[in-house]
Chemist: 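Sharing a structure below in structure tokens format, with a few things to ask.
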Amino acid sequence: MLTRGRLSFCGGFRNFAYKMKKNRTADRRSDSGTGKAGSQGHPSAFRAWVEAMRLRTLPVSAAGVVMASGLALQKGHFHWLPALLCLLFAATAQIGCNFANEYYDFKDGLDKKGRSGPRRGVTEGDITPQAMHRATALTFLLAAIIGCSLIYWGGWWLVLAGLFIFIGALSYSAGPFPLSRNAMGEIAVVVFFGLVPVSLTFYLQAGYYSFSDFIAGLAMGLMAANLLIVNNYRDYEDDASSGKLTTAVVFGRRAVLWAYLVDGLLAAAMTVGLWLDAAPWTLLFPGLYLAGHIAVWLYIRRNDGRRLNPALGMTAMLMFLFSLSFLLVNL
């Protein structure tokens with residue numbers, strides 16, 4: 001009987017240990033987001049809001065300001081305080097635009113749970129729609145306050161420029177003709193992440209506009225549009241099923257994939273003169289950008305679904321490093 005008791009105890013212990021090991025494996029899968037439990041769980045409130053800000057794309061808003069500041073340095077007009085305020089305004093306005101995009105896409109039923117792209121807090125139930133609506137308003141209010149501080153350098157007409165930017169940010173996702181849902185998203189990005197921030201930042205430091213800041217702004221806009229191309233390329237099936245007319249839905253995935261490559265090539269080519277004005281050897285930097293750009297394009301071609309999400313961060317960082325290099329060579 002003692003032997004049977006030992007065997008029974010040992011067998012029970014082995015079963016208990018096996019179950020504990022199985023549970024630990026399931027927990028690890030849940031924590032890593034690869035298991036079923038992980039996909040249904042909710043992140044902390046802080047993490048949900050950080051995800052909603054889409055911090056990996058913020059280098060895009062910074063890049064235009066940095067590029068314009070490098071151009072101001074090259075022309076002998078750099079002023080650090082308006083440049084810093086422009087940087088804060090651009091980042092805050094982009095976060096507000098991201099909040100608005102998430103809120104209005106949820107409101108109109110365009111987002112689905114478990115989407116391939118970055119987690120949408122409102123759709124997944126991490127953030128209430130009311131909280132996101134308030135956050136959008138408060139973020140745009142903060143951007144307006146920062147923008148008003150720039151009146152000292154640019155004059156009262158900047159109020160009209162601020163209204164134009166605000167309307168553009170909202171019309172991207174809301175209104176009777178949302179730009180992002182009618183194959184106009186990339187054009188809006190070229191304007192509001194390229195031409196507008198570069199020209200305004202340069203003007204607030206130099207006091208005038210030039211053809212150089214137009215070229216720099218157009219180049220930054222083409223680079224920024226590539227982030228939206230990655231999103232539209234990845235979400236093609238979901239967007240098509242929900243009736244969202246992105247460029248990928250209208251023109252096809254193959255077309256926007258080639259547009260990604262061409263955008264980067266054009267952006268680097270049109271800034272050659274700006275780099276040469278600094279020094280001939282600085283052409284090394286657009287060459288490095290092109291090498292990275294082609295590498296990311298090849299990565300996008302070979303991957304799909306969630307595996308495309310890292311391409312967002314890579315595209316944003318390439319753009320930022322391009323502008324930062326231009327700033328540094330003009331110091």
Chemist: Go through the steps for His293 and Asn226 under the test side-chain contact (heavy atoms from CB on, under 4.5 Å), then give the verdict.
Modeler: CA-CA 10 Å; His293 175 69; Asn226 276 343; 3.5 Å; yes
Chemist: Identify the heavy atoms of Leu195 and Leu218 that sit nearest to each other, and give their distance.
Modeler: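 Smallest interatomic distance, heavy atoms only, reads CD2-N, 3.5 Å.
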Chemist: Could you check whether Tyr289 and Ser325, counting side-chain N and O atoms only, form a donor-acceptor pair closer than 3.5 Å?
Modeler: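 Not at all, the side chains of Ser325 and Tyr289 share no donor-acceptor pair under 3.5 Å.
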Chemist: Would you mind writing out the side-chain donor-acceptor pairs for residues 158-170 within the sub-3.5 Å range, not counting sequence neighbours?
Modeler:
none

Chemist: Less than 4.5 Å apart, side chain to side chain, heavy atoms only: is that true for Asn101 and Arg54?
Modeler: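 Yes; the side chains approach each other to less than 4.5 Å.
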Chemist: When the side chains of residues 81-91 are checked against the rest of the protein, which donor-acceptor pairs come out under 3.5 Å, sequence neighbours left out?
Modeler:
none

Chemist: Please report the closest heavy-atom contact between Ala216 and Leu274, naming both atoms and the distance.
Modeler: CB-CD1, 3.9 Å
Chemist: Scan Tyr233, Phe251, Trp297 and name whichever one has a ring pair (Phe, Tyr, Trp, His ring centres under 6.0 Å) with Trp258.
Modeler: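 For Trp258, the ring pair (Phe, Tyr, Trp, His ring centres under 6.0 Å) check succeeds only for Trp297.
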Chemist: Which is it for Asp105 and Arg181 under the salt bridge (Lys or Arg N to Asp or Glu O under 4.0 Å) test, yes or no, and what are the steps along the way?
Modeler: CA-CA 10 Å; Asp105 278 5; Arg181 306 174 200 170; 3.3 Å; yes
Chemist: Are Asn309 and Arg234 linked by a side-chain donor-acceptor pair shorter than 3.5 Å?
Modeler: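 Per modelled atom types, Asn309 and Arg234 side chains form a pair under 3.5 Å.
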Chemist: Tell me, do Phe99 and Met53 make a side-chain contact under 4.5 Å, heavy atoms counted?
Modeler: yes
Chemist: Test Lys75 against Asp213 for salt bridge (Lys or Arg N to Asp or Glu O under 4.0 Å), laying out the working first.
Modeler: CA-CA 11 Å; Lys75 306 294 184 181; Asp213 67 80; over 6 Å; no
Chemist: Would you say the side-chain atoms of Ser241 and Asp238 include a donor-acceptor pair closer than 3.5 Å?
Modeler: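 Absent: no donor and acceptor within the cut-off.
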